[in-house]
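Values below: all heavy atoms of this structure, side chains included; hydrogens, waters and symmetry mates excluded. Counting from 1, the numbers follow the sequence of the chain as shown.
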Amino acid sequence: MSHIAGACLKEFITNYINDSVVTKQKLLADSEMLSVVENSAKAIIEAYKNGGKVLIAGNGGSAADAQHVATELVSKFMHYRRALSAIALTTNSSILTAIGNDYSYDQVFVRQIQAYGNEGDIFIAISTSGNSKNIVLAAEEAKRKGMKVIGLTGGGMSGEFLMDGLCDYLIKIPSESTPIIQDTHIMVEHILCALVEKEFI
């Protein structure tokens, strides 16, 4: 590897880490958004105390986040405690392919919200763009069913997105870079899991 190539790689690594840090610093400085994160955790805790559950969905990397969060809630995050009911709507390939084939891909999460969601439950809707059609439709259905919707999106304050008016709690990451938004989403998701878990240790 030439010194030039090595320098370019190091610059890319440095710039990427810096972009991620800057985004997190912007979030840290936004007291209103920090309150939304806190209130999101309180909503999840209230749902669990009232016998409810958490449903989570996203596409691509956000689908992996949905599974990750469900795992932390059902198993444990850092402490041993009672299992908390959480379902990632991204994991049953038979359900996903049947709905996609029989209806459309836009319906893959709506049908599951109709099947599993109840009033008082929580829907965590993850969309880096804030415009994913299947997430938007699922959020609309969750609202109709009396569920609380926690949205994790991106784009900062640069525009209005379809998810903006559908969430009881909207955690909008101040970045337009999908990877950086995803970096910050998982941090926020870990914070939510930690706050919820503290209530049930």
Peer 1: What's the verdict on side chain to side chain contact (heavy atoms under 4.5 Å, CB included) for Glu176 and Ile181, showing C-alpha distance, side-chain angles and the deciding distance?
Peer 2: CA-CA 7 Å; Glu176 295 181 1; Ile181 294 167; 5.8 Å; no

Peer 1: Filter on side chain to side chain donor-acceptor pair (under 3.5 Å), then keep only pairs touching residues 42-60, sequence neighbours left out; what's left?
Peer 2: Glu38-Lys42, Lys49-Glu199, Lys53-Asp121, Asn59-Tyr105, Asn59-Asn134

Peer 1: If you look at every heavy atom in Ile180 and Thr23, which pair is closest and at what distance?
Peer 2: CG2-OG1, 3.2 Å

Peer 1: Assess the residue pair Asp65 and Ile186 against the criterion (side chain to side chain contact (heavy atoms under 4.5 Å, CB included)); give the C-alpha distance rounded to whole Å, side-chain angles, the decisive distance to 0.1 Å, and a yes or no.
Peer 2: CA-CA 7 Å; Asp65 276 10; Ile186 195 61; 3.9 Å; yes

Peer 1: Near Phe200 CZ, under 6.0 Å, is it more than 12 heavy atoms from other residues, nucleotides or ligands?
Peer 2: yes

Peer 1: Taking Val36's backbone N and O only, do any of them form a donor-acceptor pair with Ser40's side chain (distance below 3.5 Å, no angle check)?
Peer 2: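 Indeed, once roles are kept as given, a pair shorter than 3.5 Å links the two residues.
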
Peer 1: Quick one: does Tyr169's side chain get under 4.5 Å of Val37's, heavy atoms only?
Peer 2: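 Result no, sub-4.5 Å side-chain heavy-atom pair not found.
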
Peer 1: Residues sharing Met78's hydrophobic cluster, by side-chain heavy-atom contacts under 4.5 Å among ILVMFWY, directly or via others?
Peer 2: Phe77

Peer 1: Treating Ile, Leu, Val, Met, Phe, Trp and Tyr as nodes and any side-chain heavy-atom pair under 4.5 angstrom as an edge, say whether Ile171 and Val196 lie in one connected cluster.
Peer 2: yes

Peer 1: Which heavy atom of Ser85 sits nearest a heavy atom of Gly52, and at what distance?
Peer 2: CB-O, 4.5 Å

Peer 1: What's the spacing between Thr14 OG1 and Lys10 NZ if we round to 0.5 Å?
Peer 2: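 Taking OG1 in Thr14 and NZ in Lys10, the distance rounds to 6.5 Å.
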
Peer 1: Are any of the side-chain heavy atoms of Val108 and Ile95 separated by less than 4.5 Å?
Peer 2: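 Val108 vs Ile95: side chains apart.
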
Peer 1: Are any non-hydrogen side-chain atoms of Gln67 and Thr91 less than 4.5 angstrom apart?
Peer 2: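 Yes, side chains in contact.
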
Peer 1: Atom CG of Leu162 and atom CG of Leu137: how far apart are they, to the nearest 0.5 Å?
Peer 2: 9.5 Å

Peer 1: Ala47 and Gly120: which non-hydrogen atoms are nearest, and at how many Å?
Peer 2: CB-O, 3.4 Å

Peer 1: Would you check, one step at a time, whether the test salt bridge (Lys or Arg N to Asp or Glu O under 4.0 Å) holds for Glu197 with Arg81?
Peer 2: CA-CA 8 Å; Glu197 185 169 78; Arg81 37 75 185 168; 3.0 Å; yes

Peer 1: For Glu11, is there any backbone N or O sitting under 3.5 Å from a side-chain donor or acceptor partner on Asn15?
Peer 2: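 Yes, the answer is positive, given that a donor and an acceptor are paired below the 3.5 Å cut-off.
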
Peer 1: Let me check something: do Ile135 and Met147 share a hydrophobic cluster, defined by ILVMFWY side-chain heavy atoms less than 4.5 Å apart, either directly or through other members?
Peer 2: yes

Peer 1: With a 4.5 Å heavy-atom cut-off, do Asp183 and Met187 have their side chains touching?
Peer 2: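 Asp183 does not reach Met187 side chain to side chain.
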
Peer 1: For His68, which of His185, His190, Glu189 qualifies under side chain to side chain donor-acceptor pair (under 3.5 Å)?
Peer 2: His190

Peer 1: I want to check something: taking the side chain as every heavy atom from C-beta on, are Leu89 and Ile56 in contact at a cut-off of under 4.5 Å?
Peer 2: no

Peer 1: Applying a strict under-4.5 Å side-chain criterion to I, L, V, M, F, W and Y, I'd like to know whether Ile45 and Val188 cluster together.
Peer 2: yes

Peer 1: Is the shortest heavy-atom distance from the side chain of Leu166 to the side chain of Val149 under 4.5 Å?
Peer 2: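 Leu166 vs Val149: side chains apart.
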
Peer 1: To the nearest 0.5 Å, what is the distance between SG on Cys167 and NZ on Lys172?
Peer 2: 9.5 Å

Peer 1: Which residue is it: Ile150, Ile44, Val69, Val74? I am looking for the one with a side chain to side chain contact (heavy atoms under 4.5 Å, CB included) to Val54.
Peer 2: Ile44

Peer 1: Any side-chain heavy atom of Ile113 sitting closer than 4.5 Å to one from Lys145?
Peer 2: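 Ile113 vs Lys145: side chains touch.
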
Peer 1: Pair Thr128, Ser62 - check side chain to side chain contact (heavy atoms under 4.5 Å, CB included), show working.
Peer 2: CA-CA 8 Å; Thr128 57; Ser62 299; 4.1 Å; yes

Peer 1: Would you call Ile173 and Leu152 a side-chain contact if the rule is heavy atoms closer than 4.5 Å?
Peer 2: no

Peer 1: Quick one: pull up OG1 in Thr153 and CZ in Phe161 and give me the separation to the nearest 0.5 Å.
Peer 2: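 Here the interatomic distance stands at 7.5 Å.
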
Peer 1: Which heavy-atom pair separates Ala88 from Ala70 by the least distance, and what is that distance?
Peer 2: N-CB, 3.9 Å

Peer 1: I need the Ile13 CD1 to Leu9 CG distance, nearest 0.5 Å.
Peer 2: 6.0 Å

Peer 1: Report whether Leu96 and Tyr103 are members of the same hydrophobic cluster (ILVMFWY, side-chain heavy atoms less than 4.5 Å apart, transitive linking).
Peer 2: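 Result: yes, single cluster for both.
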
Peer 1: Check this for me: does any side-chain nitrogen of one of Glu140 and Lys143 sit under 4.0 Å from a carboxylate oxygen of the other?
Peer 2: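 No salt bridge links Glu140 with Lys143.
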
Peer 1: Would you give the length of the straight line joining atom CG of Leu55 to atom CD1 of Ile122, rounded to the nearest 0.5 angstrom?
Peer 2: 9.5 Å

Peer 1: Would a hydrophobic clustering, with Ile, Leu, Val, Met, Phe, Trp and Tyr connected at side-chain separations under 4.5 Å, put Met163 with Leu192?
Peer 2: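 Result: no, two separate clusters.
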
Peer 1: Please give me the minimum heavy-atom distance between Gly58 and Phe109, naming the atom from each residue.
Peer 2: O-CZ, 3.6 Å

Peer 1: For Ser127 versus Gly130, what's the shortest heavy-atom pair and its separation?
Peer 2: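 Scanning both residues completely, I find the closest heavy atoms to be OG-N, 3.0 Å.
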
